[in-house]
Amino acid sequence: MTLAAIGQPVATEGRWWARLALATLALGALAFMISLAVSIGEIPIPLATTAKAVANRIFGASFELSRIHEGIVWDYRLSRALLAASCGAALALSGAILQALLRNPLAEPYVLGISAGASTGAVAVMILGFGYGALTLPAGAFLGAVLAFVLVSALAAGAGGGPDRIILAGVAGSQLFNALTSYIVTTSANAEQARGVMFWLLGSLAGVRWPDVYLAAPVALAGFAVAMFHARALDAFTFGVDAAAALGIAVNRVRMVLLAATALMTAAMVSIVGSIGFVGLVIPHAARFVVGPAHGRLLPASALIGAIFMVTADIVSRIIVPQQILPIGVVTALFGAPAFAIILYKARRPG
């Protein structure tokens, strides 16, 4: 893609039916992985039973099913799988946005210090009793994430507001909130509370219910809509702020809108499932290998691949160790770190 082409409609590459087939295949893969996630567990449930349970609830069908199976499908596993998909899509979208805005291939959602702020908020509720029972752990985490974003944004604006300043402000904010979290846990937590905090910080889908999905899914969809609306602006940002401004883009406004969307998506997901690394870092790079750098294609691809990856990671977290569920953040790191190493190796410059 050339700079002159940024202001024009993005040229399509390849045949439209090939792109349609690829999108259909990706959506089919996501649907299959969600079905698989609902079927796999300590009590295996056939895919046909899963389909019948969903049909009974959504379409008012009257298939004869075990109440236990129907309860497991609808009240536990389906909500967990849909939340995993929403979380993966939102984090991957956030990574793609930040890598374009900051022109840094290592940028990811947690570069803004949001995860660290959410951790502090969760710890304040869990250990210090902040909110006197009026705040749940996810609500405290969300407030902490928003506070961290506001602090980092103010610090970056005071330092000049450039991409490098945002990254530096994010690093400083992360260190500050991580230090606060460690201080609270060290000085105020008992052994049981410390274990609970550590498990939450590693990322967990345990205890997920439909109200969590009702929060995560709309936030992910809204973030996707905002990102797609600014797809051409993101194309321009990859060439630098000056190039974007020369094409008539309101650089400061667009940057703040996209950073706010990223912060909202990340804060919502972290407040529900805890810290999950590597999704926002690795998935956008994988999507670029598949569809190229144009954000009109990159953003949907990142969302779909991120959703599939998270649902797959959730399945692995439940079956890799018998009779035990691993924190999903451990699984994403175990798969994400080698995957990122492979991406770096393949993308190396000849030399």
Subject >> ILVMFWY network linking Val311 to Ile272, side-chain heavy atoms under 4.5 angstrom >> reply: yes
Pairwise side-chain contact, Val185 with Val123, heavy-atom cut-off 4.5 Å (strictly under): yes
| request: Would you check, one step at a time, whether the test side-chain contact (heavy atoms from CB on, under 4.5 Å) holds for Val273 with Ile328? | output: CA-CA 9 Å; Val273 301; Ile328 194 170; 5.7 Å; no
Exactly one candidate in Ile68, Leu65, Ile45, Asn56 meets side chain to side chain contact (heavy atoms under 4.5 Å, CB included) with Val73; the answer is Ile45
Met256, Met228: one ILVMFWY side-chain cluster at the under-4.5 Å cut-off? no
Going by heavy atoms in the side chains, are Leu259 and Leu98 under 4.5 Å from each other?
-> yes
Rounding to 0.5 Å, atoms CG (Leu281) and CD (Gln99) come to a distance of 6.5 Å
Output for pair (Ile276 CD1, Met310 CE), nearest 0.5 Å, gives 3.5 Å
Q) Under 4.5 Å between any side-chain heavy atoms of Ser188 and Tyr183, yes or no? A) no
| Do the side chains of Leu168 and Leu112 join up, straight or via other hydrophobic residues, at under 4.5 Å, putting them in one cluster? | no
Rounded to the nearest 0.5 angstrom, the NE2-OG1 distance for His69 and Thr50 is 9.5 Å
Would you please test Leu82 and Trp210 for side-chain contact (heavy atoms from CB on, under 4.5 Å) and show each step?
CA-CA 9 Å; Leu82 292 176; Trp210 284 106; 3.6 Å; yes
Original post:
Is there a side-chain contact between Ile97 and His230, using heavy atoms and a 4.5 Å cut-off?
Top reply: no
Closest heavy-atom pair, Phe224 versus Ala303, reported as atoms and distance to 0.1 Å, is CD1-CB, 4.5 Å
For Ser35, the side chain to side chain donor-acceptor pair (under 3.5 Å) test, sequence neighbours excluded, returns none
### Test item: Leu91 and Met265 side chains (from C-beta on) under 4.5 Å apart, heavy atoms
no
Given the options Val330, Val331, Thr332, Leu334 meets side chain to side chain contact (heavy atoms under 4.5 Å, CB included) only with Val330
- Side-chain contact, heavy-atom cut-off 4.5 Å: Leu22 with Val291? yes
request  = Evaluate the side-chain proximity of Ile34 to Leu78: yes if any heavy-atom separation is below 4.5 Å, no if none is.
outcome  = yes
Report task. Just do the side-chain contact (heavy atoms from CB on, under 4.5 Å) check on Thr49 and Phe63 with the steps written out, would you? Result -> CA-CA 9 Å; Thr49 302; Phe63 295 107; over 6 Å; no
So, do Leu258 and Arg255 sit near enough that their side-chain heavy atoms are less than 4.5 Å apart? no
Rounded to the nearest 0.5 angstrom, the OH-CG distance for Tyr214 and Asp212 is 10.5 Å
Between Gly140 and Val125, the two heavy atoms sitting closest are CA-CG2, 3.6 Å
Is the CZ atom of Phe335 crowded by more than 12 outside heavy atoms at less than 6.0 Å? no
What one should report as the nearest heavy-atom pair of Ala84 and Asp314 is CB-CB, 4.5 Å
Side-chain donor or acceptor of His285 paired with backbone N/O of Pro105 under 3.5 Å: yes
### Query
Does Phe177 offer a backbone N or O that forms a donor-acceptor pair with the side chain of Thr120 under 3.5 Å?
yes
Q.
Treating Trp74 as the side-chain partner and Ser79 as the backbone partner, does any N or O pair qualify as donor plus acceptor under 3.5 Å?
A. no
Nearest heavy-atom contact between Arg209 and Asp75 is CD-O, 3.6 Å
For this session: Say whether, by atom type as modelled, one donor and one acceptor occur between the side chain of Thr266 and the main chain of Ala263 under 3.5 angstrom.
Result: no
Verify whether one side chain among Ser119 and Thr181 offers a donor that lies under 3.5 Å from an acceptor in the other.
no
Applied to residues 103-112, the side chain to side chain donor-acceptor pair (under 3.5 Å) test, sequence neighbours excluded, yields none
Ile283 and Ser302 have their tightest heavy-atom pair at CG2-O, 3.5 Å
* To do: Dump the intermediate steps for side-chain contact (heavy atoms from CB on, under 4.5 Å) on Glu70 and Arg57, then the final yes or no.
  => CA-CA 9 Å; Glu70 191 164 2; Arg57 290 297 185 101; 3.8 Å; yes
Closest heavy-atom pair, Gly88 versus Val279, reported as atoms and distance to 0.1 Å, is O-CG1, 3.8 Å
CD1 (Ile308) and CE (Met33) are apart, to the nearest 0.5 Å, by 8.0 Å
Q: Consider only side-chain heavy atoms of I, L, V, M, F, W and Y, link residues closer than 4.5 Å, and tell whether Leu36 and Leu25 are in one cluster.
A: no
Atom CD1 of Ile319 with >12 non-hydrogen neighbours under 6.0 angstrom: yes
Rounded to the nearest 0.5 Å, the CG atom of Leu155 sits from the CG atom of Leu176 at a distance of 10.0 Å
In one Ile/Leu/Val/Met/Phe/Trp/Tyr side-chain cluster, 4.5 Å: Val257, Leu299 | yes
